[in-house]
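Some notes on the structure that comes next.
Worth knowing before you read on, the calculation uses all heavy atoms, side chains too, and leaves out hydrogens, waters and symmetry mates.
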Amino acid sequence: MSAGNRKILEVLNGRTVSPPPIWLMRQAGRYLPEYRETRAKAGSFLDLCYTPELAVEVTLQPIRRYGFDAAILFSDILVIPDALKRNVRFTEGHGPQMDPIDVDDIEALEAGDFIGYLAPVMETVARLRKELPAETTLLGFCGAPWTVATYMIAGHGTPDQAPARLFAYRHPKAFEKLLDMLADISASYLVAQIDAGADAVQIFDSWAGVLGEEEFERFCIRPVARMIRSVRTQRPAAKIIAFAKGAGLLLKDYRRKTAADAIGLDWTVPLSFAAELQKEGAVQGNLDPMRVVAGGSALEDGIDAILQALGNGPLIFNLGHGITPQADPENVAALVNRVRGRR
């Protein structure tokens, strides 16, 4: 099967596929016993991301189990600040941590050979494209500048990203410089993934939902639009999904302003609004991950509602955010079967 027959690429070209193709954010992860076994062999989480043999294995595990229509590269959005020498580390029970960045650090920040540093990621992409079934779309990804910047400024995740918001108000020029640098580096990173074999890429703006309207325009839309322009200048045929979690009504003009081929929707987006957004092109989402944990009628009803509202247009079925470690693998199998019409 050629790349032109990969169902997700059909949807990204604006076509309706029935039943819709499906993949799940964080589909390679802690809900799978085989992932936990591989993770235990890796040492640190970053070692898992930077060891192609292991990263390929965990990327392929959910494809073997469920036959998803896409495999997404196993990596992390924080490999970019790691490549920028911000001393990124993942501590069990505490999540990601790094050296907090300040105004002077931003002025001194240099990209260096960040693509060379991330060469193991490109090797993983290249190996995956060779090992995946021909009909399976390979997705690359990166974090959006705003979301990556929030971790760089605080040095860790926070509930409402107050450190980054405060920094942006107090030091607007330095913050804009950081966002622009992250946009340019991330665009080059996506191009490298495409060149290594990724069929399409996704930009994750996981913390878009903490921003007001003006800030969303400046910190989310503007840098992502800059990224997409850069990628398309270099690779005009690139297919790009943009996911701004929590953006709600601010998604109304998001596709037009960023030029993304598809927009990801979190589970709080009303299906009536999602249907309006779908009139302009492909949408991706948006099942509540807790329905996969609950299973049974909660899972079935959630799936059916999305298929009824969005199934007659260009749709990539997905969760509204990443699958959780509590999800039962049997519920995931039931999800895939129901989306594909197998009861």
Side-chain angles (χ1 to χ4, degrees), residues 1-28 56 59-74 125-126 128-141 190 193-194 196-204 231 235-243 255 260-265 271 274-275 277-287 292 299 302-323 332-343:
M1 184 177 287
S2 71
N5 298 117
R6 292 173 186 147
K7 292 179 181 178
I8 283 177
L9 295 183
E10 293 284 303
V11 176
L12 292 177
N13 281 316
R15 291 188 274 278
T16 300
V17 176
S18 184
I22 176 173
W23 70 280
L24 305 181
M25 288 182 278
R26 293 186 188 149
Q27 64 190 23
V56 167
T59 303
L60 292 175
Q61 286 168 353
I63 305 303
R64 296 190 195 113
R65 258 195 193 247
Y66 306 113
F68 288 122
D69 293 295
I72 186 163
L73 162 72
F74 186 86
V125 173
L128 282 168
R129 188 60 276 169
K130 289 178 181 175
E131 295 195 31
L132 281 167
E135 68 273 13
T136 307
T137 300
L138 175 56
L139 298 174
F141 76 94
L190 292 181
Q193 291 180 49
I194 291 166
D199 297 304
V201 292
Q202 175 157 318
I203 301 169
F204 285 87
V231 171
R235 302 294 178 270
K239 293 297 171 187
I240 302 170
I241 305 165
F243 177 52
R255 184 201 310 272
D261 295 288
I263 51 175
L265 310 176
L271 291 176
L277 295 171
Q278 192 186 42
K279 291 177 182 177
E280 298 178 2
V283 294
Q284 177 177 277
N286 69 332
L287 188 72
V292 186
L299 177 59
I303 294 166
D304 293 350
I306 292 169
L307 293 178
Q308 183 175 353
L310 305 175
N312 293 321
L315 168 68
I316 300 168
F317 199 100
N318 207 316
L319 303 183
H321 198 220
I323 192 168
V332 177
L335 162 60
V336 173
N337 286 336
R338 196 168 188 89
V339 170
R340 290 180 172 162
R342 300 192 297 263
R343 297 295 189 263

* To do: Flag yes if more than 12 heavy atoms outside Asn312 fall under 6.0 Å of its CG atom; otherwise flag no.
  => no
* Structure fact -> Taken to the nearest 0.5 Å, the spacing of Phe141 CZ from Phe74 CZ works out to 8.5 Å
* Asked: So, the side chain of Asp261 versus the backbone of Ile240: is there a donor-acceptor pair under 3.5 Å, distance only?
  -> yes
* Structure fact -> In terms of heavy-atom contacts, Thr136 and Ala71 come closest through CG2-N, 3.7 Å
* **Working for side chain to side chain contact (heavy atoms under 4.5 Å, CB included), residues Val231 and Val201** => CA-CA 10 Å; Val231 171; Val201 292; 5.6 Å; no
* Structure fact -> Gly197 and Leu138 have their tightest heavy-atom pair at O-CD2, 3.8 Å
* Using modelled atom types only, decide if a donor and an acceptor are shared between the side chain of Arg129 and the backbone of Ala198 within a distance under 3.5 Å. => no
* To do: Might you work through the side chain to side chain contact (heavy atoms under 4.5 Å, CB included) test for Ile306 and Leu287, ending with a clear yes or no?
  => CA-CA 8 Å; Ile306 292 169; Leu287 188 72; 3.9 Å; yes
* Asked: Would a 4.5 Å heavy-atom cut-off, applied to side chains only, mark Leu139 and Leu73 as touching?
  -> no
* Rounded distance (nearest 0.5 Å) linking atom CD1 of Ile303 with atom CD of Gln308 -> 14.0 Å
* Do Val292 and Leu299 come close enough that some side-chain heavy atom pair is under 4.5 Å? -> yes
* Non-hydrogen side-chain atoms of Thr16 and Val11 separated by less than 4.5 Å -> no
* Asked: Do Leu132 and Ile63 have side chains that get closer than 4.5 Å, going by heavy atoms?
  -> yes
* Could you tell me whether the side chain of Glu135 and the main chain of Asn5 form a donor-acceptor pair under 3.5 Å? => no
* To do: In sequence, state the C-alpha distance, the side-chain angles, and the governing distance for Thr59 and Ile72, and then conclude on side chain to side chain contact (heavy atoms under 4.5 Å, CB included).
  => CA-CA 7 Å; Thr59 303; Ile72 186 163; over 6 Å; no
* For Gln27 and Leu24, indicate whether the former's side chain and the latter's backbone hold a donor-acceptor pair under 3.5 Å. => yes
* To do: Check Ala275 against Ala309 and note the closest heavy-atom contact, atom names and distance.
  => CB-O, 4.2 Å
* Gap between atom CG of Leu307 and atom CG of Leu315 - 0.5 Å precision -> 7.0 Å
* **Asp69 (side chain) donor-acceptor with Ile8 (main chain) under 3.5 angstrom** => no
* Verify, without hydrogens or angle tests, whether Arg255 (side chain) and Gly281 (backbone) share a donor-acceptor contact under 3.5 angstrom. => yes
* Could you tell me whether a side-chain N or O of Thr137 sits under 3.5 Å from a main-chain N or O of Arg6, the two making a donor and an acceptor? => no
* Asked: Between Leu265 and Ala274, which heavy-atom pair has the shortest distance, and what is it?
  -> CD1-CB, 3.5 Å
* To do: Before giving the answer on side-chain hydrogen bond (donor to acceptor under 3.5 Å, both in side chains), spell out for Gln202 and Gln284 the whole-Å C-alpha distance, their side-chain angles and the decisive distance to 0.1 Å.
  => CA-CA 11 Å; Gln202 175 157 318; Gln284 177 177 277; 3.0 Å; yes
For a quick test of your reading: what N or O donor-acceptor pairs under 3.5 Å do the side chains of residues 316-323 make, sequence neighbours left out?
{"unit_1": "Asn318", "atom_1": "OD1", "unit_2": "Met25", "atom_2": "N", "d": "3.0"}
{"unit_1": "Asn318", "atom_1": "ND2", "unit_2": "Trp23", "atom_2": "O", "d": "3.1"}

* Report yes if the side chains of Pro314 and Gln278 come closer than 4.5 Å at any heavy-atom pair, otherwise no. => yes
* **CD-CG distance between Gln193 and Leu128, expressed to the nearest 0.5 angstrom** => 11.0 Å
* Would you indicate whether the side-chain heavy atoms of Leu12 and Asp199 approach each other to under 4.5 Å? => no
* Asked: Does any N or O in the side chain of Glu131 come within less than 3.5 Å of the main-chain N or O of Leu60, such that one atom is a donor and the other an acceptor?
  -> no
